[in-house]
Amino acid sequence: MGLSALLSIVKLTLFSSILGPEEYGLYSLVLSTYIFIVYLGGLGLNEAIIKLGSKAYGKQEFKYILKLRDISIFYSILLAVFFSIVFFIVINFIQIDNKVYNSLLLSIFLAISALEFNLMDAFLRVQHRFVSYSLMLFSKSFLVVLTGYFIAPIYKANGVIWVEIVSFFIIFIVVLFYNKNERFCFSHLKNSLDFVTDAIKNGIAILSSNIIRNLTLNIDKWAITSSLGLVSLGKYSFSMIIYMMAIFSLGLITTVLGPKWLSEFSSFNNSKILLDKINKVIILVVISGILVFLLFIFYLQSFLNTFYPDYSDITIYKTILIIFLGLLFQIPVFLYDWFFIAVSNEKFVLKMTFNMFMITFIMILLCWYFKTSIIYFALVFTIVRIYILTHYLVYIYKKFAVKDYN
């Protein structure tokens, strides 16, 4: 898992260097768009596998997990194709240049391949099969980095996107058919409509939260593209690499601890114990983040001058530091989400995520209208995350901490 996360970080830093600000901006635009086809195509099935599959694993119901995976794969393909057609119709009504249009079309293929990969990823994760899961992620990341290194200088952003598509698809097919006892079984699809409906109901709340959260995270990229252009988007996306690095690292932690927290909570059903476990992880990660932040203050500018001269101006330096500061407030929110999933209080997460989106939308709209520097977009990122963490802490203290300690 560590190697795959490292390769994912290498991928972003490598492509930003090879492609340059404009092409990297185009690549970032596709990455910030395709994820919504993934979410709509999955319609909560990926989240359902994690939630229901983790609980089933705790009860040793392995056949249920396999059936849940097969049904999710089948229906997600149908849903992804439907929403891809809708997306195709929509972008044909938007006035964009041919270069951006052609790249956005690739979002459809990237979304379908990534969706199926993610479902298989969730299937392995909930069963705590970390060796298989890690190998799957590593193989995909290795393929992208190795192939992309040779493709990117020639075919630019579109070439890298095709590398992502093919890599997702190849690894998914190999994992799906590798174990003969776990190959796709069409018999699982018989009378499966009620089953998939129940799965969607269990995953739809956290899916809605993820959609709104990603809208919040990506609306700045669309606004920057519209008001400042692809070059500015490339520079802003480069500044956001530190955020992606942290998310990959947190993903490593929650890959191991997330399903474990859910399984343990289904057994002891004590929110205080779970909250204590999560708080200890948060304290450790935030303290580590503060130490790294101090190093960044002193060494970041010289690092950019040496290794990334295309991104070495003072605006990017300030933007990275502001985003890093916001990241320190994002970390607890990311980990507390697992607490709310465990106690089946996803509605609060959805409510707060919607508030987060509305505040971000208003502030980003002002930045877009006045065509401000990317520094102000970064300030919006940080201010909103301070607001959300404050509400999380107040809610947890009132609803859980006080009640459990009394």
Side-chain angles (χ1 to χ4, degrees), residues 1-39 41-42 46 80 102-125 130-176 178 214 217-218 221 233-234 237-238 240-252 255 307-308 311:
M1 290 180 289
L3 286 175
S4 61
L6 178 62
L7 283 174
S8 297
I9 295 168
V10 169
K11 178 189 76 171
L12 295 176
T13 55
L14 177 67
F15 291 164
S16 65
S17 177
I18 295 176
L19 295 176
E22 182 175 3
E23 287 291 324
Y24 187 66
L26 184 59
Y27 174 62
S28 300
L29 181 63
V30 172
L31 293 186
S32 67
T33 303
Y34 92 99
I35 190 65
F36 296 100
I37 305 176
V38 172
Y39 282 139
N46 188 73
N102 292 332
S103 295
L104 287 178
L105 282 182
L106 295 180
S107 299
I108 293 174
F109 302 101
L110 182 58
I112 294 174
S113 60
L115 174 57
E116 303 311 311
F117 180 93
N118 290 344
L119 291 172
M120 187 61 68
D121 161 67
F123 170 73
L124 296 175
R125 230 194 307 175
F130 299 121
V131 174
S132 299
Y133 166 77
S134 301
L135 183 60
M136 178 181 173
L137 290 182
F138 173 80
S139 300
K140 184 266 175 183
S141 299
F142 182 76
L143 270 177
V144 171
V145 171
L146 180 64
T147 313
Y149 177 78
F150 296 102
I151 294 294
I154 303 171
Y155 297 100
K156 302 300 181 181
N158 285 353
V160 173
I161 296 166
W162 271 115
V163 167
E164 296 264 12
I165 293 169
V166 174
S167 299
F168 272 130
F169 184 73
I170 289 175
I171 301 302
F172 166 72
I173 293 298
V174 170
V175 175
L176 181 64
Y178 176 75
N214 273 277
L217 186 61
N218 289 296
K221 296 180 178 66
L233 175 60
S237 297
F238 176 82
M240 289 291 289
I241 288 177
I242 187 63
Y243 174 83
M244 300 306 299
M245 290 170 63
I247 293 301
F248 285 137
S249 301
L250 285 173
L252 291 177
T255 292
F307 297 102
Y308 295 93
Y311 303 92

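Residues take their numbers from the sequence shown, with the count starting at 1.
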Query raised in the report: Are any side-chain N or O atoms of Asn46 and backbone N or O atoms of Gly42, one a donor and one an acceptor, separated by less than 3.5 Å?
Result: no
Query raised in the report: Would you find a donor on one side and an acceptor on the other, under 3.5 Å apart, between the side chain of Ser32 and the backbone of Leu29?
Result: yes
Query - Euclidean distance, Ser167 OG relative to Leu143 CG, rounded to 0.5 Å - result: 4.5 Å
Requested in this report: Would you check if there is a donor-acceptor pair between the side chains of Glu164 and Tyr27 at a distance under 3.5 Å?
Outcome: yes
**Report entry** Flag side-chain contact, heavy atom, 4.5 Å: Leu137 against Ile171
**Finding:** no
Query raised in the report: Do the side chains of Ser237 and Lys221 get nearer than 4.5 Å, heavy atoms only?
Result: yes
Query raised in the report: Okay, side chain of Ser113, backbone of Leu110: is any donor-acceptor separation there less than 3.5 Å?
Result: yes
Query raised in the report: Could you give the distance from CZ (Phe138) to OG (Ser8), rounded to the nearest 0.5 Å?
Result: 11.0 Å
Query raised in the report: Distance from Ile241 atom CD1 to Ile9 atom CD1, nearest 0.5 Å?
Result: 10.0 Å
Query - Nearest heavy-atom neighbours spanning Val38 and Ala111 - result: CG2-O, 3.5 Å
Query raised in the report: Run the side chain to side chain contact (heavy atoms under 4.5 Å, CB included) check on Leu124 and Val175 step by step: do they pass?
Result: CA-CA 10 Å; Leu124 296 175; Val175 175; 4.3 Å; yes
Requested in this report: Would you give the length of the straight line joining atom CG of Leu12 to atom CG of Leu31, rounded to the nearest 0.5 angstrom?
Outcome: 8.0 Å
Query raised in the report: Which pair of heavy atoms, one from Gly41 and one from Leu115, lies closest together, and at what distance?
Result: C-CD2, 3.7 Å
Requested in this report: Taking all heavy atoms of Ser103 and all of Val30, pick out the closest pair and write down the distance.
Outcome: O-CG2, 3.5 Å
Report task. Side-chain contact test, heavy atoms from C-beta onward, threshold under 4.5 Å: evaluate it for Met136 versus Phe117 and give yes or no. Result -> yes
Query raised in the report: To the nearest 0.5 Å, what is the distance between CG (Asn158) and CG (Leu105)?
Result: 9.5 Å
Query raised in the report: For the residue pair Gly234 and Tyr24, what are the closest heavy atoms and their distance?
Result: O-CD2, 3.7 Å
Report task. Look only at the side chain of Glu23 and the backbone of Ala157, and say whether a donor-acceptor pair between them is shorter than 3.5 Å. Result -> yes
Query raised in the report: Is Phe169 close to Ile173 at the side-chain level, that is, under 4.5 Å between some pair of heavy atoms?
Result: yes
Query - Heavy-atom check, side chain of Tyr34 versus side chain of Ile161, under 4.5 Å - result: no
Query raised in the report: What distance do Met245 atom CE and Leu250 atom CG have between them, rounded to the nearest 0.5 Å?
Result: 12.0 Å
Query - Beyond-backbone contact of Phe109 with Phe168, side-chain heavy atoms, under 4.5 angstrom - result: no
Requested in this report: Count the heavy atoms belonging to other residues, nucleotides or ligands that lie under 6.0 Å from CZ of Phe36, then report whether that count exceeds 12.
Outcome: yes
Report task. Flag the pair Asp121 / Arg125 as yes when at least one side-chain heavy-atom distance between them is below 4.5 Å, and no otherwise. Result -> yes
Query - Side chains of Leu176 and Met120 in contact at under 4.5 Å (non-hydrogen atoms) - result: yes
Requested in this report: Of all the heavy-atom pairs spanning Ala80 and Ile37, show the shortest one and how long it is.
Outcome: O-CG2, 4.3 Å
Requested in this report: Taking Tyr311 for its side chain and Ser16 for its backbone only, find out whether a donor-acceptor pair lies under 3.5 Å.
Outcome: yes
Report task. Look at the side chain of Ser17 and the backbone N and O of Thr13, then say whether any donor-acceptor pair between them is shorter than 3.5 Å. Result -> no
**Report entry** OH (Tyr155) with more than 12 external heavy atoms under 6.0 Å
**Finding:** no
